[in-house]
Structures are given as C-alpha cells and as structure tokens.
Amino acid sequence: MICGKCDKNSLLMEKLIKSIQDRSLRLAVLGSGYVGLLTAAIFAEAGFNVVAVDVKQEIVDIINSGISPVKEPGLQELVERNVLVGRLKSSLSSRADLRKADAVIISVQTPIYKSKRPNLLFLKKALKEVGRGCHEGTLVVVSSTIPPGTTANLVKPTLEALTGLRVESDFYLAYVPERIAPGRALQEFVESPRLVGGIGPNSTRVASELFKVVCKNVIETDATVAEVAKLAENTFRDVNIAFANQLALLCEHYGVDVKKVIKLANTHPRVAIHNPGPGVGGPCLPKDPYLLISGVKSSRRDLVKTARRINDSMPGHVVEMALLALKDAGKEVRNVKVTVLGTAYKADVADSRLSPADPIIRRLLRLGIKVTAYDPYCQESFGAEMARDLHCAVRDSDCIIVVTDHAEFKKVDLKLLSEFKEKPIIIDARRVFDPNIAKTFGFKYYGLGYGFTN
Ligand code: SAJ
C-alpha cells in the first residue's frame, strides 16, 4: 500500500521533473562570479527563466544592462541575448527571488584563510538566504568547491533547521561541482562529464534531470564522493606539476634539459608528466589541495602539502635564476631594468588571480630593481610599471623573465630583439623560446630546467 506522504513526495518530484522538461522551472543562481554567471547564462540560453543573484549592486546593474562583468570568450553574447529576451535578470540577494525559485544553484566563493584553513563564511551566508526562501519541492544544488562532507554535515542540517523541511522527502539537495577552465569555459561546461552527487537517490535524480539539459554527459554519484572527486582532480594536477617542477630542478643540477626528459618519459604509454613553470596560480589549484586535506590529521597529508610547498617555491627560484644571471653578467641589481612578460596566471587568459607574477615582481621591487611588465590580456601590474606593448617593455631591458606562456610570447621574433643595442638576458620560466635560436642570436639564455651548464 502506498502511504499518503509517499504519494505526496513522489508527486512533488514528478512536478519538479516536469518543470525541468518543459522549461517552466524558475532557477536562481546565487553568486554571479565567474562560474555563477556562466551557469546562469547557460541555463537561460537553454530556455529557463533565471535570476542571477549577487550581493554587489554594481554587478547586478551591469548584468541587467546586458553586459557580462566576467571576461570569457562567448559569455558576453550569451548574457546580452538572454537579458534582452527577459530570460536572464540579476538581483540583489533577496528573499522574494529565492522564494519564487524552484531550483537554486549556490556558486559562491570558498577561499582559504592565511592559515590555509577553509573559509566557509560566504557559503554560510548563502545558506541563510536559501534557507529562508526554500519551500517544499525546491532543488538546492551546491556548485562551489567545498571540503569533503560539507553538503551532508553543514548544508543539509542548516537548510533543514531553517526550513523545518526534510531533504529527500520535502526538498532536494545535491553537490554538482564545476569543471571549467577559463578560456574555454562555455565549451567545457557543456562537454566535460558532470558529476551529480545527491544526498539521496531522489536528490540525485532531480539534479541529474536538471543538468542533463545543459551537459552532454552526467555521472551520478553521492554528494561526498563528488566533493572528494572534485578536489582530487585539482590536487592531482597540482601534485603532478610539483613533480615536473622538482624534475626541472634536478635537471638543472644534472645539466640536462627537462623538456627533453619529459618528452621522452611521456612516450611511455602510462606516463603523463605536466609542464614545469614559475609557480601555480589561478583561483583553484593553489587552494583546493588545502580543502582536500582540511579534515584530516597531519600524517595523512604529507604529499599534498609537500607539492604545495614545491609549487610555492618556484617564483623564488625564478628570481634566484635572474639574480645569478645578472651577477654573472657583472650587473649591479640597483642599476638594472627587468622586464616581466606575462602577469596572467596562465596562457591566453586575462585572469591574474594568484599569478606567480605577483611574488616575482614584488620580490624584484623589494630588491630595488626597476621592473616593467607587459601582458597582452591583463592590466594587472603587481606594482611594476606597465608597458603598452612588447617593444616598449623590452627596450633598454637588462633581463627578460617569461612568466606566462601566452601565444604572443611564443611568436616573438628573437632576431628583432637581438637588434637592441644591448641584448637582454633571457630567463625563460615557461620555456617558450628555443634555447639554440636564442644563443644563435647572441642572447644569454637561462631556461627553467634547462640547466646553467647547458
Ligand atoms: N600549470 C603549470 N604546468 C602545467 C599546467 C598548469 O605550471 O602543466 C600552471 C598554470 O600555468 C597555472 C596553474 O598551473 O598557473 C593552474 O592552471 P590550470 O591549467 O590547471 O587551470 P585552472 O586553475 O584554470 O583550472 C583548473 C582545471 N582543473 C584541472 O585541469 C584538473 C579546471 O578543469 C577546473 O575546472 C578548475 O581548475 C577549477 O575551477 O577547479
């Protein structure tokens, strides 16, 4: 016999699923940052009415005028089109908007404190808002990157206490991490397999129905597995890069080229070593490993912490390379001009969050060195003087440090640079130049992992 309550619960679920299928579901996305706005715009494009909620009035105003405050290829067009037809609007965190929503996606920042412990204050604030608007049949999805167990042990009890409702029977709760990389985010949002981890089977089912509308491949799991998997992905990448960086230092010692070594090692079908570099930046990799280890005792976190330490030490190593090279050339640091090519955290993006250029430039400035920076995408200078083009940046420079592997830098014609009265030293921390060509044109070339003895 089916009880009245079960009957009511399955009706609630069917109603929600039907509203997803016929696009009548009203969606609120909390947090209109990089991931939140992209999520809101993509769901609006799929035919849903979406409200992108943010606490900053200026962000709300700019979105409502059809402009994307976030720079990402293709996003401006999506925002403009959907605001124009009225499917996308932005609003200051307001209870009314959340009460009207049938589904809420939480996409607020989850930074770490200086102590490297997770800072969940933004998430907690968002939960208070959602808890006040949440009603029977609402689907709540957390998409922010969070420490393992947060959906089950923080989000669920908080929402249940605020609403007096029960997850799985009265409303639904799932963790659905994002997997997009700046620069190709729209494509990756749709094409990367999407993990959907519900608190229970009902939550997984409805969240899965919703994300199937915009993602080609949805993989169902539970909330905590999805949380750990998300953190494992970025931690794996961080550890792999740390290995590549360690290898680069070893190669410098042995006088062999790390690029050749990695290329050869990666011909083994089960080896895929990443690229060494001047450090690991961006909003995710420097932080997510700390979220992964935040709940465990020290003996279980050694590898992750060591990898972080290695990657954090790379900007210092690059500065040391430059100082040694300048000394070898008989230059006095107080009289030199150093040019930093690239302030973005990675190639071909306009994003400088936690870029290795920051510690490199600041350390050079502290040493009393005149620093000029140039980046074709990014205006951030980290205290250096910003040059308007590559030519101005490099003119009269004693030393160039390549910090970001932008396509523009890979195309630099070293022959043209060699025509300057005095050729600058090249510190190639991204290995964008061919060392042999650089030497042919008479440059003193020092590559990361290339070795001073080469
Ligand atoms: N880096 C290296 N060597 C490499 C690769 C990267 O030094 O071989 C550096 C980059 O220059 C950059 C940093 O690492 O400074 C991070 O770059 P990234 O390419 O790993 O990309 P993110 O932080 O933009 O995006 C990552 C991605 N995660 C994975 O590839 C596992 C993305 O898919 C996630 O969605 C994103 O984190 C996130 O939001 O979590």
Would S19 and D102 count as a side chain to side chain donor-acceptor pair (under 3.5 Å) if you check the C-alpha gap in whole Å, the side-chain angles of each, and the deciding distance to 0.1 Å? CA-CA 9 Å; S19 73; D102 307 299; 5.1 Å; no
Full working for side chain to side chain contact (heavy atoms under 4.5 Å, CB included) between V53 and L92: CA-CA 6 Å; V53 180; L92 275 184; over 6 Å; no
Start with the C-alpha gap between L154 and K124, add the side-chain angles, then the distance that decides, and say whether side chain to side chain contact (heavy atoms under 4.5 Å, CB included) holds. CA-CA 9 Å; L154 173 74; K124 287 180 182 165; 4.1 Å; yes
For side chain to side chain contact (heavy atoms under 4.5 Å, CB included), just list the numbers for N119 and T110, CA-CA rounded to whole Å, side-chain angles, deciding distance to a tenth of an Å, and then say yes or no. CA-CA 6 Å; N119 171 355; T110 45; over 6 Å; no
Side chain to side chain donor-acceptor pair (under 3.5 Å) evaluation trace for E227 with T150: CA-CA 8 Å; E227 288 164 348; T150 304; 4.9 Å; no
Residue pair I369, L323: steps toward the side chain to side chain contact (heavy atoms under 4.5 Å, CB included) verdict: CA-CA 10 Å; I369 294 174; L323 295 178; 4.1 Å; yes
Side chain to side chain donor-acceptor pair (under 3.5 Å) evaluation trace for N49 with R26: CA-CA 5 Å; N49 265 307; R26 286 157 307 181; over 6 Å; no
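Between T145 and L291 the shortest heavy-atom distance is O-CD1, 3.7 Å. Looking at every heavy atom in both residues, L285 comes nearest to R237 through CD2-CG, 3.8 Å. Considering all non-hydrogen atoms of both residues, S355 and A344 come closest at OG-O, 3.4 Å. Here the shortest heavy-atom pairing between C251 and V261 reads SG-CG2, 4.0 Å. Summarising the geometry of P359 relative to P356, their closest heavy-atom pair is CD-O, 3.2 Å, with the distance given to 0.1 Å. Nearest heavy atom pair, residue L88 against residue A40, reads CD1-CB, 4.0 Å.
Not one N or O on the side chain of D238 forms a donor-acceptor pair closer than 3.5 Å with the backbone of N234. E385 places no side-chain N or O within donor-acceptor distance of the main-chain N or O of V371, the cut-off being under 3.5 Å. In this structure, the side chain of D351 does not engage the main chain of K71 through any donor-acceptor pair within 3.5 Å. Proximity of a side-chain donor or acceptor of S203 to a complementary backbone N or O of L173 within less than 3.5 Å is detected. No donor-acceptor pair closer than 3.5 Å links the side chain of Q109 to the backbone N or O of P111. Of the possible donor and acceptor atoms, one in the side chain of H268 sits under 3.5 Å from a partner among the backbone N and O of R270. Side chain of E168 to main chain of N202: a donor-acceptor pair is present (N/O by atom type, distance under 3.5 Å, no hydrogens or angles). Looking only at distances, no side-chain donor or acceptor of E45 sits under 3.5 Å from a matching main-chain atom of V79. No donor-acceptor pair under 3.5 Å is formed between the side chain of E160 and the backbone N or O of R166. R430 contributes a side-chain N or O that, together with a main-chain N or O of V403, makes up a donor-acceptor pair within less than 3.5 Å.
Separating the OG atom in S381 from the CE atom in M386 is a distance of 6.0 Å, to the nearest 0.5 Å. S143 contributes atom OG, which lies 9.5 Å from atom CD1 of I106 (distance to the nearest 0.5 angstrom). I401 contributes atom CD1, which lies 9.0 Å from atom CD1 of I361 (distance to the nearest 0.5 angstrom). Annotation: the span from E80 atom CD to E77 atom CD amounts to 7.5 Å, rounded to 0.5 Å. Taking CG from L210 and CD1 from I17, the interatomic distance works out to 10.5 Å, rounded to the nearest 0.5 Å. Taken to the nearest 0.5 Å, the CD1 atom of I59 stands 8.0 Å off from the OG atom of S90.
No side-chain heavy atom of K370 sits under 4.5 Å from any side-chain heavy atom of V336. Looking at L127 and L159, their side chains come closer than 4.5 Å, going by heavy atoms from C-beta outward. In this structure, the side chains of K216 and V190 come closer than 4.5 Å at one or more pairs of heavy atoms. Counting heavy atoms from C-beta on, the side chains of P424 and C399 never come closer than 4.5 Å. Counting only heavy atoms from C-beta outward, the side chains of M314 and L448 approach each other to under 4.5 Å. Looking only at side-chain heavy atoms (C-beta outward), V280 and R308 come within less than 4.5 Å of each other. The shortest distance between side-chain heavy atoms of T151 and T224 does not fall below 4.5 Å. Residues V35 and I180 have side chains in contact (heavy-atom distance under 4.5 Å, counting atoms from C-beta outward).
A salt bridge links R363 and E320; the closest N-O separation between the charged side-chain nitrogens and carboxylate oxygens is under 4.0 Å. Salt-bridge annotation for R179 and E233: present, with a side-chain N of the basic residue lying under 4.0 Å from a carboxylate O of the acidic one. By the 4.0 Å N-to-carboxylate-O rule, K337 lies too far from D398 to be salt-bridged with it. With salt bridges taken as basic N to acidic carboxylate O contacts below 4.0 Å, none links D405 and K346.
Applying the side-chain contact (heavy atoms from CB on, under 4.5 Å) test between V338 and each of L367, L364, V333, L365 identifies L364 as the sole match. With Y374 as the fixed residue, the side-chain contact (heavy atoms from CB on, under 4.5 Å) test singles out one of V340, V394, L341: L341. Looking at L186, V50, V29 one by one, the single match for side-chain contact (heavy atoms from CB on, under 4.5 Å) with I42 turns out to be L186.
Between F211 and F189, a ring centre-to-centre spacing not shorter than 6.0 Å is recorded. Ring-centre distance between H135 and F171: not below the 6.0 Å cut-off.
Stacking of R301 on the aromatic ring of Y290 is not recorded, the 6.0 Å distance cut-off and the 45° axial limit not both being met.
Side chain to side chain, Y446 and D428 fail the donor-acceptor criterion of an N or O pair below 3.5 Å. Between the side chains of E220 and S208, at least one donor-acceptor pair of N or O atoms lies under 3.5 Å.
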